[in-house]
Amino acid sequence: MPFRDAAFSQPMQAGALATALANATPEQQRTLLGENLYPLVDQLEHDNAAKVTGMLLEMDQTEVLHLLESPEALKAKVAEAIEVLRSVQQQQVNSPTNRMASLSLNDNLVS
């Protein structure tokens, strides 16, 4: 089930979310948490909101609930996730495979 459009969705109140989670399957729980987390992440990191939300959903459910209730904790975790993404992107740019792929047949490989 895709995330709701952030422009039209507002996170559920904590009590309503807890009740909904208690009555949901694990897959539904993940969807509920994601739908509540995504608009908050989108406000902090619009360009990578979906990826960061997915990363945060890999955490324990109680930790995700804490992020929903604590803007400061969420802000710190989003910043941490962005650093991980940047690190991975940098490693991919510098990988030997990418360097080899960027070589041209016209490059003088032998001195």
Salt bridge (Lys or Arg N to Asp or Glu O under 4.0 Å) partners of residues 49-58, not counting sequence neighbours, each pair once: R30-E58
message: My understanding is that only one of N36, L74, V41, L33 makes a side-chain contact (heavy atoms from CB on, under 4.5 Å) with L67; could you say which?
response: L74
query: For the residue pair A81 and V52, what are the closest heavy atoms and their distance?
result: CB-CG1, 4.0 Å
task: Decide yes or no for K77 and M59: does some side-chain heavy atom of the first lie under 4.5 Å from some side-chain heavy atom of the second?
output: yes
- prompt: Of all residues at least two apart in sequence or in a different chain, which pass the side-chain hydrogen bond (donor to acceptor under 3.5 Å, both in side chains) check with Q89?
  reply: none
query: Considering all heavy atoms of both residues, which atom of Y38 and which atom of A50 are nearest to each other, and what is their separation?
result: CE1-N, 3.6 Å
field: Passing candidate, side-chain contact (heavy atoms from CB on, under 4.5 Å) with V78, options N48, L44, L37
entry: L44
- request: Write down the atom of P39, the atom of G34, and the distance for their closest heavy-atom approach.
  value: CD-O, 4.5 Å
message: Strictly by side chain to side chain donor-acceptor pair (under 3.5 Å), give each pair with a member in residues 59-73 just once, sequence neighbours left out.
response: Q29-Q61, D60-T62
task: Tell me, please, which residues at least two apart from A20 pass side-chain contact (heavy atoms from CB on, under 4.5 Å).
output: M12, L32
- request: Could I get the full list of salt bridge (Lys or Arg N to Asp or Glu O under 4.0 Å) partners for E83, not counting sequence neighbours?
  value: R86
- prompt: Considering residues at least two apart in sequence or located in another chain, which fulfil the side-chain contact (heavy atoms from CB on, under 4.5 Å) criterion with T25?
  reply: E27, Q28
- prompt: Do L40 and L68 have side-chain heavy atoms sitting under 4.5 Å apart?
  reply: yes
- request: With rounding to the nearest 0.5 Å, note down the distance linking CG in D47 to CG in L85.
  value: 11.5 Å
